[in-house]
Number of protein chains: 2
Amino acid sequence: MKKSFGPPETVTLAKIARAAGVSSSTVSRILNGTARVSAEKQRAVEEAVQRYNYRPNVLARSLASGRTDTIGVLTQDIASPFYGEWLRGIEDELTQTGRSPLFASGHWNAADEQRQLENLLARCVDGVIVLHGFVDPDYLRAYSERVPVVMLGRPLDPSPRLVCLGVDNRQGAYDVVTHLIELGHRRIAHISGHALQPDSEQRLIGYREALADAGIPYDDTLIERGNFEESGGLVAMERLLDAGVSFSAVFASNDQTAYGARLALYRRHVRVPDDVSLVGFDDLPGSLYLTPPLTTVRQPIYEIGRMAADAMARLLRGEAVPTQIMRVELIERETTARIGTGAAS
Amino acid sequence: MKKSFGPPETVTLAKIARAAGVSSSTVSRILNGTARVSAEKQRAVEEAVQRYNYRPNVLARSLASGRTDTIGVLTQDIASPFYGEWLRGIEDELTQTGRSPLFASGHWNAADEQRQLENLLARCVDGVIVLHGFVDPDYLRAYSERVPVVMLGRPLDPSPRLVCLGVDNRQGAYDVVTHLIELGHRRIAHISGHALQPDSEQRLIGYREALADAGIPYDDTLIERGNFEESGGLVAMERLLDAGVSFSAVFASNDQTAYGARLALYRRHVRVPDDVSLVGFDDLPGSLYLTPPLTTVRQPIYEIGRMAADAMARLLRGEAVPTQIMRVELIERETTARIGTGAAS
DNA sequence: TTGTAAGCGTTATCAT
DNA sequence: ATGATAACGCTTACAA
C-alpha cells in the first residue's frame, strides 16, 4: 500500500494499458474512437480509465498528432465591454465544437500584436482569430500561410486562408444621421474614433453621405476626435461645448464614446434628448441602462463572435469561407427626439 | 508522421543545431541560459536562430521540462466588466513574469467549473487562479494537491497550496450605510446579490451592523434580492417601488445592480440623488460615467488581479503566501445627498 | 564547455 | 482487431 505524499504520480496511457492488459495503441484507439475494438477490451480499458481517473495529457497528444484543437484569439483589451462580447461569442462556439480559445491581448499596438501572434504560433494553435488591431496586413498575410486566420472588424483582401467578417459601418452611420435628419436636426455633431481606424473612418463616411444626400453642408467644426473610449467622448464633448458651435444632435462613433459625451452634457446641464439628441454605435449591453437608454446601432457582436469561430471551423475543414459584411440596425431608444425647445450653446 | 508539402516546413531545434554546427543540447542551453557556452558558438547559434526565424515549440518544451509557464484562470464570465478587471490585472502581471494565462469560463455553475478545472489540469497548467464560483471546496482542496491554487473572492480555509485573496465586504457595506445615516437617511433599502454568494452575504451583514449601531431597526420589507447584474437591479427596484414602502436611499450590492436600479428610478421619475440616494459597490470603470456618477465602494479589482498573479508566482517559488483581506474605500460621487425634499413613494 | 542519448506521453505506421 | 515501434520537438542527466 503506497500512499505517497507529494505530487501524485501521473497516470499515463501506458499505465492504463498495463492495468487493462492491452497495448497502449489499443487504449489510444478507444479514447479517440480511431478504430473498432473488441467490446471486451473496450470495457476493460474504460474501467481502468475510471479507476485511475485518467486524463490524457493534452500536450503529448498535440505534439504527436500535430493538432491542438486550440484557437488563438488576439484581442485588444480583455476587459473591454465591446471585445468582451466578441470573446464570449467565440468562446461559446469554440467550446461547443470541442476546441478551446487561447486569449492574448494586443493593446492596439502593432508590435505587441505581432509578438502575441508569434507566441500563439509557438504554442501550436490550429488557427487564429484576430480582433481589430493595427498589425501589418502583409505580416498577417504571411502569417496566414502558416495557420488560417479569421479577421474581425478589419477589411483586408481575403485569401483562402484569411477571411474577414464585419458589419457595414457606413450604412449604420448613414442610417443614424438620416434618422436624426428626419427628426428635424440639421446641426449634427460627430465624435469620431481613432484616426486610421477603419470602423471610425467608415462611420464618418456614412455621416457625410447622409448629410450630402439631405443637402446639408458638411461643417468640420462639428467634428471632434475621440478614442472609442468614455474618456475621449467626455473630452470631445467638452470641446464641442466650449467651442460655442451650435448643434442639436450628436452622433458618437461608438457607445463608449456616447457614455462619455453623455456625462459632459450632464455636467453642463444640457438635457438629453430635450436639448440635444445623442446616438451611439454598437449597442453594448450597458447601453440599455444609460440614463436615458441610448439610441444606437445594433451590431450583433456576440453573434459575430460565434460566426468567427464557425468560420474558423470551416477553414480547418478545408472549406472556402467568403468575406461577410453584415447589415446593421438602428435601435431607437430614448436619447433621440424631434428637434425641440432649445439647442445647446 | 511524414511532413507533407504545403505550409512551410517547421524549423526545429535540431535544424538550428545543424546550421550552427553544434549539438542540439548546446542550442537548448543557449536558448534557456542553462549553462555557459563559448561566445563563438553562442553567436553562431544566435545567427542561425535569426536566419531561420526559429521559435521553440512550446508544447515539446513543456512536455520535456514538465513546466508550461501557463496559469489556468477560471473566470465566470469572460465578458463581465467586473471579471474583466480581474483578468486584466492577472494577465498584465503574468505576462510580465514570462507566464501566460489560460482563461476558461465557469458560468457560475459548479459542474462547468469542475469540468474546466479538469481541462486545465489536462493542459498541464502550472497553477490555477479561481475567480469566485461555486465549485465544491473539498474538490478544490484535493485539486490544490496537484497544482497550487489562488482563490479570489471566496473565503476558504487556506493551506500551503491554496491561498485566498479578497476584500472586506462587511466593512465596505458598513461604511456605505453609516455614511448614508450620517446624511440623515433612516429608511435605507438594500438590493442584495445571489443568495449564498459570500460577497453578497457579507455586504448584507455590514448593512445590518451599521443599522444596528445607529439604533435603526432592521426592516426586511426594505430588502430585495437581485442577481449582481443590471437586470436584477432593475426588477428589484421596481418591486421596491411597487410595494409602496418608503425609503430615501438604496444600497445596491454591486455597481451593476445599481445601474439597473438607476434605470428603474429614472422610469418612475424619481430623481437621484434629490429624491433618493443610491450607492453601489465595486467601482467599476463605468460607474464614473453613470448619470450622475455613482457613489460606490472602491475595490481595487485590477490590483487584486495583479496580486493574485504575484501570489501564484510566489507559490510556484515555494514561498508561503498568507490569506489577505483588504480594506475598501467609500468613494463619494454624485448619487448621494443629504436627505432632502421628497422621499420616494 | 560540449555532445550523446534517454526520456516526456501521445499518436500513427506498419506488420501480424 | 491488435501490438510493436517510430516519430513529435525539446530538456536533461550523464559522459567525455
Side-chain angles (χ1 to χ4, degrees), chain A residues 7-45 48-49 52-70 121-126 146, chain B residues 1-4 7-46 48-49 52-70 119 121-126 146:
Chain A
E9 66 275 27
T10 36
V11 187
T12 71
L13 205 169
K15 182 170 295 176
I16 298 298
R18 226 172 300 127
V22 301
S23 77
S24 44
S25 340
T26 300
V27 179
S28 174
R29 287 184 186 108
I30 293 176
L31 262 38
N32 298 299
T34 314
R36 276 195 57 79
V37 177
S38 80
E40 177 192 19
K41 309 203 168 185
Q42 171 103 14
R43 262 212 329 286
V45 168
V49 166
Y52 287 97
N53 187 32
Y54 167 71
R55 305 278 167 210
N57 180 324
V58 176
L59 260 43
R61 181 203 292 262
S62 297
L63 185 58
S65 70
R67 283 177 329 139
T68 55
D69 291 325
T70 297
L121 218 49
R123 299 180 94 97
C124 306
V125 294
D126 292 343
R146 319 210 62 200
Chain B
M1 244 189 20
K2 206 73 204 142
K3 259 276 116 35
S4 54
E9 67 276 23
T10 36
V11 187
T12 72
L13 208 175
K15 181 170 298 176
I16 298 299
R18 226 172 301 127
V22 301
S23 78
S24 46
S25 15
T26 299
V27 179
S28 173
R29 286 182 189 112
I30 292 176
L31 262 37
N32 298 300
T34 313
R36 275 194 59 78
V37 176
S38 80
E40 177 193 18
K41 308 203 169 186
Q42 171 103 14
R43 261 211 332 285
V45 168
E46 278 167 356
V49 167
Y52 287 97
N53 187 31
Y54 167 71
R55 304 281 166 207
N57 180 324
V58 176
L59 261 43
R61 180 203 292 262
S62 297
L63 186 57
S65 70
R67 284 176 328 140
T68 56
D69 290 326
T70 297
N119 190 254
L121 219 48
R123 299 181 93 98
C124 305
V125 294
D126 293 341
R146 319 211 62 202

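For the numbers below, each heavy atom of this structure counts, side chains included, while hydrogens, waters and symmetry mates do not. Order of the sequence lines sets the chain letters (A, B, ...), proteins ahead of strands, with each chain counted from 1. What you are looking at is a predicted structure, and each value in this text was computed from that prediction instead of being measured.
With sequence neighbours left out, the side-chain contact (heavy atoms from CB on, under 4.5 Å) criterion links B/Ser25 to B/Ser23, B/Arg29. Judged as a salt bridge (Lys or Arg N to Asp or Glu O under 4.0 Å), and not counting sequence neighbours, B/Arg43 has no contacts. Remark: B/Arg55 pairs with A/Glu118 by the salt bridge (Lys or Arg N to Asp or Glu O under 4.0 Å) rule, at least two apart or across chains.
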Determine all donor-acceptor pairs shorter than 3.5 Å in which one atom belongs to a side chain in residues 11-18 of chain A; sequence neighbours excluded.
{"unit_1": "A/Thr12", "atom_1": "OG1", "unit_2": "A/Ala14", "atom_2": "N", "d": "3.3"}
{"unit_1": "A/Thr12", "atom_1": "OG1", "unit_2": "A/Lys15", "atom_2": "N", "d": "3.3"}
{"unit_1": "A/Lys15", "atom_1": "NZ", "unit_2": "A/Thr10", "atom_2": "O", "d": "3.4"}

Which pairs of donor and acceptor atoms, one on a side chain in residues 30-40 of chain A, lie under 3.5 Å apart (sequence neighbours left out)?
{"unit_1": "A/Asn32", "atom_1": "OD1", "unit_2": "A/Arg61", "atom_2": "NH1", "d": "2.7"}
{"unit_1": "A/Asn32", "atom_1": "ND2", "unit_2": "A/Ser28", "atom_2": "O", "d": "2.8"}
{"unit_1": "A/Asn32", "atom_1": "ND2", "unit_2": "A/Ser28", "atom_2": "OG", "d": "3.3"}
{"unit_1": "A/Ser38", "atom_1": "OG", "unit_2": "A/Lys41", "atom_2": "N", "d": "3.3"}

Using a 4.0 Å heavy-atom cut-off to protein, can you give one letter per nucleotide of nucleotides 10-16 of chain D, 5' to 3': B if the base is in contact, S if only the sugar-phosphate is, - if neither?
BBBB---
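As rounded to whole Å, 9 Å separates atom C1' of D/dC8 from atom CG of B/Leu63. Atom pair A/Leu59:CG and D/dA7:P shows a separation of 21 Å (rounding to whole Å applied). Distance NZ (A/Lys41) to C1' (D/dA1): 8 Å, rounded to an integer number of Å.
OP1 or OP2 of C/dG3 has at least one side-chain nitrogen or oxygen of B/Thr26 nearer than 4.0 Å.
In the set D/dG9, D/dA1, C/dT1, the nucleotide with an atom closest to the side chain of A/Arg36 is D/dA1.
Smallest separation of non-hydrogen atoms from B/Ala60 and A/Leu63: CB-CD1, 3.9 Å.
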